[in-house]
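Notes follow once the structure below has been shown.
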Amino acid sequence: MHKVDFDLVEMTLDVMKYAIERISTTERKIGKPKKAEELKALVGETITADGIGGEVAFNLWKKHLVKTNVPVDHPRNLAFVPAAPTRAAIMFDLVTSASSIHGAYWMEGAGGIFCENEAMKWIVSLTGMPEGAFGVFTSGGTAANLSAIVTAREYWRSLKDAHKNEKGLIITSIGAHSSIKAMAKVADLDVLLVDTEARLEGAALQDTIDNLTADQRERLFAVVATGGTTNAGIIDDLMGISAICKSEGLWLHVDAAYGGGALVADSVRHLFNGIENADSITIDPHKWMFSPYDCGAVIYREPELAKNAHSQDGSYLDIFKDEGAHGFNPTDYQIQLTRRVRGLPLWFSLATHGTDRYKEAVERGLELAQIAGRLVTEHPDLELVQEPSLSCVLYRRKGWTPEDYTHWTYENHEKGFALVTPTKWKSGDTYETVSRFCFINPDTTEQDIVEILKTME
Ligand SMILES: *Cc1c(COP(=O)(O)O)cnc(C)c1O
């Protein structure tokens with residue numbers, strides 16, 4: 001381990017140079033994957049008893065390996081939910097790594113956690129939740145959803161002894177993200193899906209609750225609404241749903257992993273009205289708050305309830321809970337113990353740019369969706385599946401089969417030109433394969449969209 005087979009300073013400069021190049025170049029190709037065997041043939045054995053040396057390894061990375069990754073911040077990467085971390089955030093991700101901070105307890109990570117909390121205060125302020133609401137950064141939306149659901153379940157069990165051995169039930173809609181079902185599995189919960197991919201309305205939720213069996217109603221403890229569906233950018237009727245949750249005594253979790261960034265945008269903020277009534281909210285800064293991977297966030301109306309669910313006990317941990325070490329301990333509010341201070345890059349970026357720049361950047365994503373909507377409508381071969389919602393645009397190429405969409409995606413990816421993936425949209429009882437844009441990167445241009453649509457002719 002102590003054998004240094006390269007000049008440390010030189011290697012550090014090389015890495016810095018790479019980072020500088022990476023964050024200052026905007027003209028990049030979209031990388032395409034290779035099979036593991038092909039990569040092995042290109043780079044050979046890299047893990048050896050003596051080590052191949054940093055310079056050799058780094059060169060292999062630059063020459064072969066990095067090119068098989070899709071840079072998620074590419075302006076023509078409009079697949080899934082892309083990302084577009086700011087340069088400031090990327091730079092501070094390097095600083096975060098170099099600082100080696102343990103982000104579980106204030107005793108060890110006070111300065112880092114302080115910065116995270118400053119950023120968190122801003123995020124909480126966007127939600128309009130009441131005084132006392134607060135949150136922590138997680139590894140992503142999945143971990144945030146799990147942390148929230150477990151908090152809700154533990155709270156429900158604490159209310160009535162009879163619930164202790166019962167399997168809980170949650171209601172959500174089929175528009176909800178796949179992680180809701182996956183996390184319900186982890187927490188061993190039943191999920192009831194309201195059969196709509198469109199906006200989940202209060203009336204439909206009330207109907208579903210009214211039609212539960214007595215046993216189901218007894219086991220029902222939470223509703224998960226979506227603040228911007230991943231597939232289509234649809235925001236559920238948060239006001240109506242929150243009123244029902246209140247009258248029925250149910251926990252309301254709002255999953256705004258993707259859409260939450262749009263809370264900062266004046267043009268669409270009203271669509272989220274009611275989110276302030278949630279018991280917990282998920283927002284992913286690594287989606288629409290321009291943070292590098294990975295950074296999610298979970299916010300609670302009553303953080304004490306999360307602490308009851310998640311605080312870990314162990315004789316080796318007592319010291320951190322001692323009065324002398326007092327401060328905010330992020331580990332108490334989500335599933336992870338040891339954690340990176342992953343909110344730190346967001347803090348630096350917010351401090352650097354100010355929150356108005358975030359507003360402008362999100363508004364640009366929303367505007368790009370409107371522009372794409374117009375271009376699709378004007379195009380003789382294309383039509384919108386529904387009006388653009390948030391920064392998602394679903395559209396069809398008239399006459400195309402599902403295979404045509406797949407082929408088109410692969411072809412553009414292969415050329416290193418663009419990554420736009422198909423999805424399915426449910427209307428009535430049938431699923432239709434359609435094309436989908438999701439805009440995050442404010443550097444995507446109208447010309448990018450024009451050129452992508454041209455490849456569909
Ligand atoms: C992306 C997404 C998630 C999952 O978040 P990860 O950060 O990928 O774990 C959950 N919910 C919604 C609505 C999402 O868009």
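Each ligand, and each atom within it, is numbered from 1 in the order the structure gives.
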- [ ] Determine, for Arg340 against Asp294, whether the closest basic-nitrogen to carboxylate-oxygen distance falls under 4.0 angstrom.
- [x] no

If we number the atoms of ligand 1 from 1 as shown, the ones under 4.0 Å from a heavy atom of Asp284 are 5 (O), 6 (P), 7 (O)

Numbered in order shown, the ligand 1 atoms found under 4.0 Å of a heavy atom of His286 are 7 (O)

Aromatic plane relationship, Tyr358 with Phe290 - under 30° parallel, 30 to 60° tilted, over 60° perpendicular
perpendicular

Under 4.0 Å from one or more heavy atoms of Thr230, ligand 1 contributes atoms 12 (C), 13 (C), 14 (C), 15 (O)

For Tyr258, the atoms of ligand 1 under 4.0 Å from one of its heavy atoms are 15 (O)

Q) With a 4.0 Å cut-off on heavy atoms, is Ser179 touching ligand 1? A) yes

Which label fits Phe221 and Trp156: parallel for a plane angle under 30°, tilted from 30 to 60°, or perpendicular past 60°? parallel

Review point. Is Arg364 salt-bridged to Glu367, going by a charged N under 4.0 Å from an acidic O?
Key: yes

Backbone or side-chain N or O of Thr226 under 3.5 Å from ligand 1 N or O:
no

Are Glu197 and Lys424 within salt-bridge range, i.e. N to O under 4.0 Å? no

Logged contact type for Asn145 with ligand 1, heavy-atom cut-off 4.0 Å, is side chain

Atom 2 (C) of ligand 1 sits nearest the protein heavy atom Lys287 NZ, 2.3 Å

heavy-atom search around atom 4 (C) of ligand 1 in the protein gives His177 CE1, 3.3 Å

Exactly one candidate in Arg342, Arg339, Lys121 meets salt bridge (charged side-chain N to carboxylate O under 4.0 Å, His left out) with Glu116; the answer is Arg339

Quick look: Thr142 vs ligand 1, heavy-atom contacts under 4.0 Å, and the answer is both

So, regarding Asp255 and ligand 1 (criterion: nitrogen or oxygen to nitrogen or oxygen, under 3.5 Å), is there a contact or not? yes

Please tell me whether Phe58 and Tyr18 form a close aromatic pair, meaning their ring centres lie under 6.0 Å apart. yes

Margin query: Using a 3.5 Å cut-off on N or O atoms only, is Gly141 in polar contact with ligand 1?
Written below: yes

NZ/NE/NH1/NH2 to OD/OE distance under 4.0 Å, Asp73 and Arg87:
no

Counting only N and O atoms by type, is there a donor-acceptor contact under 3.5 Å from the side chain of Asp404 to the main-chain atoms of Thr401?
yes

Quick note on ligand 1: atoms under 4.0 Å from a heavy atom of Ala257 include exactly 2 (C), 3 (C), 10 (C), 11 (N), 12 (C), 14 (C)

Taking only non-hydrogen atoms of Gly140 and a 4.0 Å limit, the atoms of ligand 1 in range are 7 (O), 9 (O)

